[in-house]
Amino acid sequence: MRHLLAIADLERSDIERITDRAEGFAEVGRRDIKKVPTLRGRTIINFLYEPSTRTSSSFELAAKRLSADVVTVKATGSSIDKGESLKDTIATLSAYGPEAIVIRSPHAGAAELVARWTEAAVINAGDGKHEHPSQALLDVYTLRRRLGSLEGKRIWIVGDVLHSRVARSNVQAFAAMGAEVTVCGPPTLIPRGFEEALGCRVSYDLDGLGEADVVYALRMQRERMRESFVPSIREYAARYQIDSRRLGSRQLLMHPGPVSRGVELSPEVIDGPSSLIAEQVESGLVVRMAILYELLAGGRTRPAGARAADPEQLPGPTPIKEPA
Ligand code: CP
């Protein structure tokens, strides 16, 4: 793999390889010294054009645990505030010779454009309403750990599907892994043609929710709305909020975060025993280590002059030696 731009570009075997490798990296997190030298001497730039807590911090920590040199640039406070274009900003950052650029942008297709403008491997950390592939991979990893396999599992994705890049990536990733996916929400928040385009079912109410093995709730993305899509938040919550009346004890609950407490989820289910929300965040770190490994050390074609990965330095049981 040269870039990670969209789940649509991946085969099931790619998803399995990355999530299997993440399992190996989980062991690194249990060591006293939580670091391996795999990407020593490599430079990774995290370029966040839009707010982020989980994706930003986990990509940075993932790069550090792999011993890469990492710098995080946020749009606010950068020269973008002074009117520098995305293309010029990427040219500037590429001058440092990074091996990877992680980009989050409010614009669909931004990561693909960046991939045309730089020699670095590009990781899409969320581009507008389009895709958030690393989120989908960490969610598959979380579910594989819990359920063993997603084959035949019923997953309901509930909420604001229209504005959700997570929904687009996750429907494809879950389906590729053999799950039966249903998206659910008010008709105004389900894109037309979603069912045919992505091969999932659509429901406009929660009547059939009891069949779900996994309930994946989505936030109402009010920052992307320029008009009213529901009569009121109170009415939306009355019809679509996942609470302890609606969530059965055998069902697992997921959410990509950040959560709007009391809107898409009631407080008791967020903190309840069925919730995998904290586990998803934990998975984000090891899955992003596995993504960086896949692109920078897993056999991708490197630009001339770049060093190949040292097989001795792949993740394993030996902790990194402290400097003498
Ligand atoms: N799930 C997710 O992308 O969270 P952040 O916006 O905090 O990165």
Side-chain angles (χ1 to χ4, degrees), residues 4-7 15 18-19 22 44-65 70-78 100-111 114 122-143 155 157-174 183 214-225 242 252-261 263-265 269-270 275-292:
L4 178 63
L5 302 178
I7 289 295
I15 298 174
I18 293 168
T19 52
I44 295 169
I45 295 178
N46 292 333
F47 181 39
L48 282 305
Y49 220 108
E50 211 187 37
S52 169
T53 298
R54 282 147 281 264
T55 313
S56 161
S57 56
S58 59
F59 264 119
E60 183 168 331
L61 200 48
K64 285 178 173 166
R65 289 206 173 170
V70 58
V71 61
T72 296
V73 178
K74 305 215 174 199
T76 308
S78 75
I101 295 178
V102 178
I103 169 132
R104 165 164 293 190
S105 164
H107 306 296
V114 169
V122 174
I123 299 169
N124 181 3
D127 60 333
K129 298 189 290 186
H130 177 227
E131 279 239 25
H132 193 351
S134 64
Q135 179 71 45
L137 291 170
L138 77 86
D139 288 329
V140 168
Y141 171 81
T142 305
L143 284 177
I155 303 179
I157 299 178
V158 181
D160 177 4
V161 176
L162 180 67
H163 299 100
S164 175
R165 53 196 175 209
V166 174
R168 269 168 200 75
S169 290
N170 282 31
V171 167
Q172 296 175 84
F174 291 156
V183 296
V214 178
V215 178
Y216 196 107
L218 298 172
R219 183 174 64 89
M220 187 79 84
Q221 301 205 17
R222 280 178 269 188
E223 73 276 18
R224 298 195 204 282
M225 297 182 186
I242 307 300
L252 296 173
L253 176 69
M254 301 179 83
H255 190 296
V259 175
S260 298
R261 278 181 181 256
V263 180
E264 68 272 16
L265 293 177
V269 297
I270 298 170
S275 172
L276 299 184
I277 297 170
E279 218 168 299
Q280 286 172 268
V281 176
E282 206 179 320
S283 300
L285 173 55
V286 290
V287 168
R288 286 170 175 134
M289 287 172 81
I291 292 167
L292 293 174

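Both ligands and their constituent atoms are indexed starting at 1 by order of listing. Along the sequence shown, residues are numbered consecutively beginning with 1.
R219 and H255 share no side-chain donor-acceptor pair at under 3.5 Å. A donor atom on one side chain and an acceptor atom on the other are found under 3.5 Å apart for D139 and Q280.
Each of the atoms 5 (P), 7 (O), 8 (O) of ligand 1 lies under 4.0 Å from some heavy atom of T53. Annotation for ligand 1: atoms under 4.0 Å from non-hydrogen atoms of G257 are 1 (N), 2 (C), 4 (O).
Protein heavy atom at the shortest distance from atom 6 (O) of ligand 1 is R104 NH1, 2.8 Å. Distance from atom 4 (O) of ligand 1 to its nearest protein heavy atom, with residue and atom name: R54 NE, 3.1 Å. Nearest protein heavy-atom contact of atom 1 (N) of ligand 1 is P256 O, 2.8 Å.
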Note to self: side chain to side chain contact (heavy atoms under 4.5 Å, CB included) for R165 and N124? Distances and angles first, verdict last.
What the structure shows: CA-CA 11 Å; R165 53 196 175 209; N124 181 3; over 6 Å; no
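Ligand 1 lies within reach of H132, whose nearest heavy atom is under 4.0 Å from it.
Any N or O atom pair closer than 3.5 Å counts here, and S56 shares no such pair with ligand 1. Residue P258 places no N or O, backbone or side chain, under 3.5 Å from any N or O of ligand 1.
Judged by distance alone, the side chain of Q172 and the main-chain N or O of R168 form a donor-acceptor pair under 3.5 Å.
Residues R288 and S58 approach most closely at NH1-OG, 2.8 Å, considering heavy atoms.
When each of V102, I123, V71 is checked for a side-chain contact (heavy atoms from CB on, under 4.5 Å) with N46, only V102 meets the rule.
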